[in-house]
Protein chains: 2
Amino acid sequence: MSHFSDHLPPSPGHLRARLAEAGLRATRQRLVILESLLHLPGHPTAEQVHRRVVGQEPSLSLGTVYKALDSFVAAGLTRRVASTEGSCRRYDADCSAHHHLFCTDTQEIIDFHDPQLDTLIQEFFAVRGLQGFQAQSFSLHITGNKLAGDEPRK
Amino acid sequence: MSHFSDHLPPSPGHLRARLAEAGLRATRQRLVILESLLHLPGHPTAEQVHRRVVGQEPSLSLGTVYKALDSFVAAGLTRRVASTEGSCRRYDADCSAHHHLFCTDTQEIIDFHDPQLDTLIQEFFAVRGLQGFQAQSFSLHITGNKLAGDEPRK
DNA sequence: ATCATTGCAAACATTTTGCATATCT
DNA sequence: AGATATGCAAAATGTTTGCAATGAT
């Protein structure tokens with residue numbers, strides 16, 4: 001068993017339900033956008049989502065992708081990923097607690113799940129506390145590089 | 001004693017030395033830019049650096065700020081800060097190991113130093129290891145909000 | 001003297017906006 | 001029907017580029 005995240009299996013018509021739960025209207029466009037977000041590897045930009053999505057909905061505009069992603073983030077369906085590039089936004093459909101590996105060679109950002117690490121950090125701050133700050137969530141950014149031959153599974 | 005970083009005291013002519021150590025030419029512009037970066041609170045954007053810098057060097061162009069900051073980052077004098085905004089880059093003159101507090105209310109990114117936490121994380125990975133990844137540095141991103149009245153010192 | 005850096009302006013890239021039209025509930 | 005989302009095109013924002021002139025070593 002790996003700590004690295006596997007891609008979610010193809011979601012069927014459950015997409016509608018996920019949108020409804022989040023209080024969002026299930027438009028044709030949002031369904032396709034959400035589906036793409038779940039299937040795209042890594043942490044796609046709006047552009048990348050758009051490129052995938054026009055295959056199914058050729059008239060779907062980039063502007064709509066931006067608006068849809070914004071509404072997903074506002075509704076908590078999707079997260080924005082912190083990156084050091086800063087010249088484009090990246091999105092992550094995985095809203096569960098997880099950490100990130102930044103590869104300095106390939107610029108990849110790899111998701112990394114580790115409940116044991118989560119617990120360690122939470123316990124540390126439960127004891128220590130942060131003066132003047134109420135912590136909600138933690139995400140560890142690990143910078144380094146992938147080792148040849150022994151790849152972390154995507 | 002606080003774990004939150006204080007601003008560095010005004011650097012004298014040591015700026016030249018810092019540039020020289022980094023292998024960078026000490027131009028008038030770079031001296032002013034580096035000085036501004038050290039004095040500006042938080043994690044300024046190129047724009048913000050430029051606004052401060054034109055006070056002392058009115059002809060200093062925004063393009064030059066970008067180029068200077070890039071060269072600082074390449075030389076290890078400065079870091080880019082990971083942020084979730086993604087529509088502009090933020091820089092940090094503090095290259096020592098530290099963590100970040102993200103305030104969801106004010107959007108501030110507050111530096112947070114804690115050697116004990118550094119050790120905890122390092123020990124955790126020394127034992128656990130990351131398959132296929134060679135970690136170089138760790139930075140914990142803590143999302144939450146500042147508590148009224150009891151501010152973390154800037 | 002040599003080579004890197006600057007300033008400027010134009011190009012590029014990314015994100016946002018406004019509004020008429022279409023679509024969801 | 002009523003409210004919200006879409007598509008399009010224009011504008012706003014942020015970053016990069018090319019090149020002649022300047023300045024550092």
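So that the names make sense, note that chain A is the first sequence line, chain B the second, and so on, each numbered from 1. Quick caveat, the model's predicted, so the values are computed rather than measured. Excluded from the calculations below are hydrogen atoms, water molecules and symmetry mates; all remaining heavy atoms, backbone and side chain alike, are included.
- In this structure, the CG atom of B:Leu31 is 13 Å from the P atom of C:dT5, given to the nearest Å.
- The hydrophobic clustering, which links ILVMFWY residues whose side-chain heavy atoms are closer than 4.5 Å, places B:Ile110 and B:Val81 apart.
- Nucleotide D:dT15 holds its C1' atom 15 Å from the CZ atom of B:Arg90, rounded to whole Å.
- Atom C1' of nucleotide D:dG23 and atom CZ of B:Arg28 are separated by 8 Å, given to the nearest angstrom.
- The shortest distance between the side-chain N/O atoms of A:Ser87 and the OP1/OP2 oxygens of D:dG14 is not below 4.0 Å.
- Aromatic rings from A:Phe138 and A:Phe125 are positioned such that their centres are separated by under 6.0 Å.
- Side-chain atoms of A:Arg25 and base atoms of D:dA3 include a donor and an acceptor less than 3.5 Å apart.
- Regarding contacts with the backbone of C:dT15, a side-chain N or O of A:Tyr66 is found under 4.0 angstrom from either OP1 or OP2.
- Distances from the side chain of B:Arg89 to the nucleotides D:dA5, C:dT16, D:dT16 place D:dT16 closest.
- Using a 4.0 Å cut-off between charged nitrogen and carboxylate oxygen, A:Glu85 and B:Arg80 do not count as a salt-bridge pair.
- Taking the centre of each ring, A:His43 and A:His100 come in below the 6.0 Å mark.
- Between A:His141 and B:His141, the gap from one ring centroid to the other is short of 6.0 Å.
- A:Arg79 and A:Cys95 get closest at one heavy-atom pair: NH2-O, 3.1 Å.
- Of the residues in residues 46-63 of chain B, B:Ser59, B:Leu60, B:Ser61 come within less than 4.0 Å of DNA chain C through at least one heavy atom, sorted by number.
- For B:Leu69 and C:dT5, the CG to C1' distance is 14 Å, given to the nearest whole Å.
- Inter-axis angle, ends of the helix from C:dA1-D:dT25 to C:dT25-D:dA1, five pairs per end, rounded to 10 degrees: 50°.
- For the OP1/OP2 pair of C:dG7 and a distance below 4.0 Å, the side-chain nitrogens and oxygens of B:Gln29 include at least one atom meeting the criterion.
- Linking ILVMFWY residues whenever their side-chain heavy atoms come closer than 4.5 Å, directly or via other members, leaves B:Tyr66 and B:Val54 in distinct clusters.
- For the pair A:Lys67 NZ and D:dT4 C1', the interatomic distance rounds to 11 Å; values are reported in whole Å.
- One atom, CZ of A:Arg30, and another, C1' of C:dA22, lie 14 Å apart when rounded to the nearest Å.
- B:Leu140 and A:Ile109 fall into different hydrophobic clusters, where Ile, Leu, Val, Met, Phe, Trp and Tyr are joined by side-chain heavy atoms under 4.5 Å apart, directly or via other members.
- Contact annotation for A:Ala68: no contact, since no heavy-atom pair falls under 4.0 Å across all strands.
- In this structure, the CG atom of A:Leu24 is 7 Å from the P atom of D:dA5, given to the nearest Å.
- Between the CG atom of B:Asp70 and the P atom of C:dT5 there is a distance of 12 Å, given to the nearest Å.
- In this structure, B:Ala26 and B:Cys88 both approach DNA chain D, and ranking their closest nucleotides by distance from the 5' end singles out B:Cys88.
- Rounding to the nearest 0.5 angstrom, the gap separating the OG atom in A:Ser139 from the CZ atom in B:Phe102 is 9.0 Å.
- At the phosphate of C:dT6, OP1 or OP2 sits under 4.0 Å from a side-chain N or O atom of B:Thr27.
- B:Arg52 and B:Glu35 are joined by a salt bridge, as a carboxylate oxygen and a charged side-chain nitrogen come within less than 4.0 angstrom of each other.
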